[in-house]
Structures are given as structure tokens and as C-alpha cells.
Amino acid sequence: QVQLVESGGGLVQAGGSLRLSCAASGRTSSSYAMGWFRQAPGKEREFVAAISWSGGNIYYVDSAKGRFTISRDKAKNTVFLQMNSLKPEDTAVYYCAAGPRTTTRGDEYDYWGQGTQVTVSS
């Protein structure tokens, strides 16, 4: 079992930045890929970014490219999502997830955090 805890969400004005963190505990000796997803009210969960165990493979949703950066610190079992130039449409609950493959598909991740709220005001 892997437990994931997100932090770093909050309220920010459009154009601002936030850095989300996701700390993993439990069976962290396994080589998990990590992903970030988000869900806005009334909308389906959406893939945002993913990073392989090695960090060599990284994927972003098109709307995040050039603005968001995913990274991981394996020594600290933590994955980050640096979000710059935030827009009101980025408002959502952001979730991190862990799984065996680096993928954009949420159903291929085995473990999920509880989420952290990001609100971007216009």
C-alpha cells in the first residue's frame, strides 16, 4: 500500500503561481510512476501531468505545456507540480496518483491522494 498526501493548494490571482507537493509513504520502495489529475466542479477528472520513476518520461496535457512543470525527489518520496501563469480555468481539486506505468489514463493508477483545492481568481 502507498499513501499519498497532497499539499500546496490555495487561492491565487490569475497569472500567479503555486507549487503542489505530493508526499508518498508506505510501500515506497517500488518504482511507481506518478501523475497529477484535476477535477473541476461539474466536470470529469482530467489528466494534467505524469512522470516516470526515473524522471526520464514526462507527459503534460496540452493546456499545461509551457506553464506547469512536474518533478520528483526520489530521496524524499515526493512529487511536485509547479504551476505558473495560472488561469481561472485551472481552478479544480488536484490529485496525485501512483501506478506502475507512466500514463495519462487515470484508471491505470493504483493509489490516489485526497486532493488539494486550487482556486484561481480573475
Side-chain angles (χ1 to χ4, degrees):
Q1 283 282 49
V2 175
Q3 293 78 44
L4 303 173
V5 178
E6 303 97 333
S7 61
L11 173 63
V12 63
Q13 289 188 333
S17 298
L18 284 173
R19 188 192 196 204
L20 305 184
S21 299
C22 174
S25 61
R27 193 179 175 184
T28 57
S29 60
S30 297
S31 303
Y32 290 109
M34 300 294 294
W36 285 98
F37 292 78
R38 65 187 179 188
Q39 188 166 21
K43 295 188 177 181
E44 294 186 352
R45 183 180 62 195
E46 175 188 34
F47 166 78
V48 177
I51 186 168
S52 62
W53 166 250
S54 68
N57 292 321
I58 290 176
Y59 305 124
Y60 296 102
V61 66
D62 285 347
S63 61
K65 291 178 181 177
R67 299 189 300 127
F68 293 4
T69 302
I70 189 171
S71 61
R72 70 188 302 165
D73 183 334
K74 288 186 285 185
K76 295 182 178 180
N77 295 317
T78 302
V79 64
F80 305 98
L81 185 67
Q82 177 67 44
M83 305 187 295
N84 299 327
S85 302
L86 283 162
K87 305 175 181 179
E89 50 264 43
D90 294 318
T91 295
V93 177
Y94 284 69
Y95 300 89
C96 70
R101 287 178 296 279
T102 314
T103 175
T104 63
R105 293 174 56 103
D107 59 2
E108 295 193 20
Y109 287 87
D110 298 325
Y111 304 103
W112 292 82
Q114 83 290 347
T116 185
Q117 176 70 47
V118 171
T119 303
V120 184
S121 63
S122 57

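Contact record, T78 with S21: CG2-CB, 4.3 Å, taken as the closest heavy-atom pair. Taking both residues in full, the closest heavy atoms of G115 and V93 are given as CA-CG1, 3.8 Å, listed atom of the first, atom of the second, then distance. When every heavy atom of A98 is checked against every heavy atom of M34, the shortest pair comes out as CB-SD, 3.5 Å. Considering all non-hydrogen atoms of both residues, S122 and A14 come closest at CA-CB, 4.4 Å. In terms of heavy atoms, T103 sits closest to A50 at O-CB, 3.8 Å. When all heavy atoms of W36 and L20 are compared, the pair lying nearest together is CH2-CB, 3.7 Å.
The hydrophobic cluster containing W112 does not contain I70, counting ILVMFWY residues as joined when their side-chain heavy atoms lie under 4.5 angstrom apart, directly or transitively. In the hydrophobic clustering of ILVMFWY residues, with side-chain heavy atoms under 4.5 Å counting as a link, V120 and V61 come out apart.
If you take CD on Q114 and CG on L4, they are separated by 9.0 Å, rounding to the nearest 0.5 Å. Rounded to the nearest 0.5 angstrom, F80 CZ and T69 OG1 are separated by 13.0 Å. One finds the OG1 atom of T116 at 8.5 Å from the CG atom of L18 (value rounded to the nearest 0.5 Å). The distance from atom CD1 of I58 to atom CZ of R72, rounded to the nearest 0.5 Å, is 10.0 Å. Atom CD of residue Q39 and atom CD of residue E44 lie 8.5 Å apart, to the nearest 0.5 angstrom.
Considering only heavy atoms from C-beta on, S25 stays 4.5 Å or farther from N77 through its side chain. A heavy-atom distance below 4.5 Å is not found between the side chains of R27 and Q1. Side-chain contact between Q117 and T91: present, with at least one pair of heavy atoms (C-beta onward) separated by less than 4.5 Å.
Applying the side chain to side chain contact (heavy atoms under 4.5 Å, CB included) criterion to A33, with sequence neighbours excluded, gives T102. Every residue meeting the ring-ring contact (aromatic ring centres under 6.0 Å, His included) condition with Y111, not counting sequence neighbours, appears here in chain and number order: Y32.
With F37 as reference, Y109 is the one residue of Y109, Y95, Y94 to meet the ring-ring contact (aromatic ring centres under 6.0 Å, His included) rule.
No donor-acceptor pair under 3.5 Å is formed between the side chain of E46 and the backbone N or O of R38.
For the pair K87 and D90, the salt-bridge criterion is not met [side-chain N within less than 4.0 Å of a carboxylate O].
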Could you walk me through whether L86 and F68 satisfy the side chain to side chain contact (heavy atoms under 4.5 Å, CB included) test, starting with their C-alpha distance in whole Å, then the side-chain angles of each, then the deciding distance to 0.1 Å, before giving a yes or no?
CA-CA 9 Å; L86 283 162; F68 293 4; 3.9 Å; yes

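Other residues, nucleotides and ligands contribute at most 12 non-hydrogen atoms within 6.0 Å of the NZ atom of K76.
Applying the disulfide bond (SG atoms under 2.5 Å apart) rule to pairs touching residues 52-122 yields C22-C96, sequence neighbours excluded.
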